[in-house]
Amino acid sequence: MPVDRAAILAEIAGILHAIRGDAGIDGEITMATRFQDDLELESIDIVSLAGRLQGRYGDAVNFAQLVAGLDLDSLRQLRVGQLVEHIAAALEEAETSTEPADASRGTAGTPA
Amino acid sequence: MSTVWANGLSVHVEQLAPAADLGASGAAPAAVLVHGMATDTLASWYLTLAHPLATAGFRVVMYDLRGHGHTQRPAEGYALDDFVDDLAALLAALDVTGPIHLLGNSFGGTIACGYAVRHPERVVAIAAIESAPPTAEWFTRVAAQLDLAATYLPRAHALAEIRAERGELASRRARTARDVLATTSLVRDLPASRLPSEERIAALGCPTLWVYGGDSPMVELAHEVGRLLPRARIVTVPGQRHSLLVDKPDTVRSIVLPWLRQVGEGRAGHPVAGPPPREGRDEPSAPATAH
């Protein structure tokens with residue numbers, strides 16, 4: 001069954017609103033919204049987002065792994081859509097795999 | 001986000017599990033990452049070296065210093081010894097009892113050194129980015145910087161000026177720094193820190209790595225490192241500034257990870273996963289250049 005990307009987007013939008021709290025977020029969050037250039041999310045907020053996503057989707061979704069390869073400019077321009085795709089791909093992989101996650105991929109970088 | 005009670009404070013901690021079980025060799029080596037003062041948080045490590053270190057086989061521990069990020073902000077207690085006490089209490093609370101690798105960004109490297117001076121038996125290696133050991137010369141500079149920030153940031157147009165010049169995020173970081181300086185004794189406490197004698201710093205037995213941006217004023221302190229720790233590895237990255245870690249994480253990674261592998265192979269009982277190093281053991285402190 002294909003993963004519902006719109007549902008993931010709504011989930012991420014909800015988390016972002018919760019993190020920003022009173023500071024709020026202007027406008028609608030879409031696939032094209034950039035975490036830093038548009039939302040001006042501070043790096044410590046990105047860590048909070050990663051933690052909440054892990055809590056919501058489990059170890060299959062590894063946000064630290066997604067951002068670890070990015071330099072400052074790429075991180076600044078990272079779009080919500082890229083994260084939605086990352087989560088959808090991880091969930092689809094977890095769904096099709098009948099094997100338990102192997103050690104080389106499944107546990108690296110997951111919260112201890 | 002997880003919170004641990006240590007040294008009377010609620011401390012924000014993030015941990016990453018090592019990629020591979022090291023089997024018969026026992027528990028994975030621990031890497032503890034310490035961030036810098038006033039504008040910094042554990043995010044600088046989380047978004048740069050934390051995951052690569054976990055992939056290399058380390059149990060990775062990051063935390064927000066007192067007064068910073070999501071850790072509690074007490075009004076008092078911001079001398080070097082307080083930060084070292086916090087680190088020791090945190091390790092005990094997390095049940096990290098074995099040897100540790102300490103990585104420090106900016107003042108975080110100074111805290112790492114301060115910890116190693118007081119607990120030399122615990123520290124396998126120190127890798128510091130844009131940092132210096134706790135010497136009088138470094139603390140004089142820290143005091144000047146803190147004074148400057150504490151005087152400038154509360155001014156009416158300071159944040160607007162920073163926003164116009166360096167953007168909204170820089171302005172928000174500056175506001176955080178302003179609040180830390182205004183509501184705590186940091187500006188007073190840190191310069192008044194009790195410093196270890198130079199003999200005790202020089203007696204540090206573990207390998208140390210110091211990475212500097214070529215355009216950062218911090219590189220002027222490399223001579224202090226070479227003088228006190230003649231066996232230290234010093235690497236300068238040309239064209240980079242104090243924000244080296246977040247500006248060029250790939251470069252920092254390519255310097256720190258191979259060095260940690262070399263340290264691991266030189267220390268029986270604490271192997272680090274990864275291919276063999278291309279060069280030899282730790283080199284003397286003649287400043288090298290990367291990239």
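Every chain is numbered from 1, with letters handed out A, B, ... down the list of sequences.
- At distances below 3.5 Å, not a single donor-acceptor pair connects side-chain atoms of Arg173(B) with backbone N or O atoms of Glu42(A).
- No other option in Asp45(A), Leu41(A), Ile44(A), Ile46(A) has as many heavy-atom pairs under 4.5 Å with chain B as Ile44(A).
- Atom CZ of Arg241(B) sits in a sparse spot, with 12 or fewer heavy atoms from other residues, nucleotides or ligands closer than 6.0 Å.
- Asp40(B) CG to Ser43(A) OG: the interatomic distance, rounded to the nearest 0.5 Å, is 7.5 Å.
- Annotation: the span from Glu14(B) atom CD to Gln54(A) atom CD amounts to 9.5 Å, rounded to 0.5 Å.
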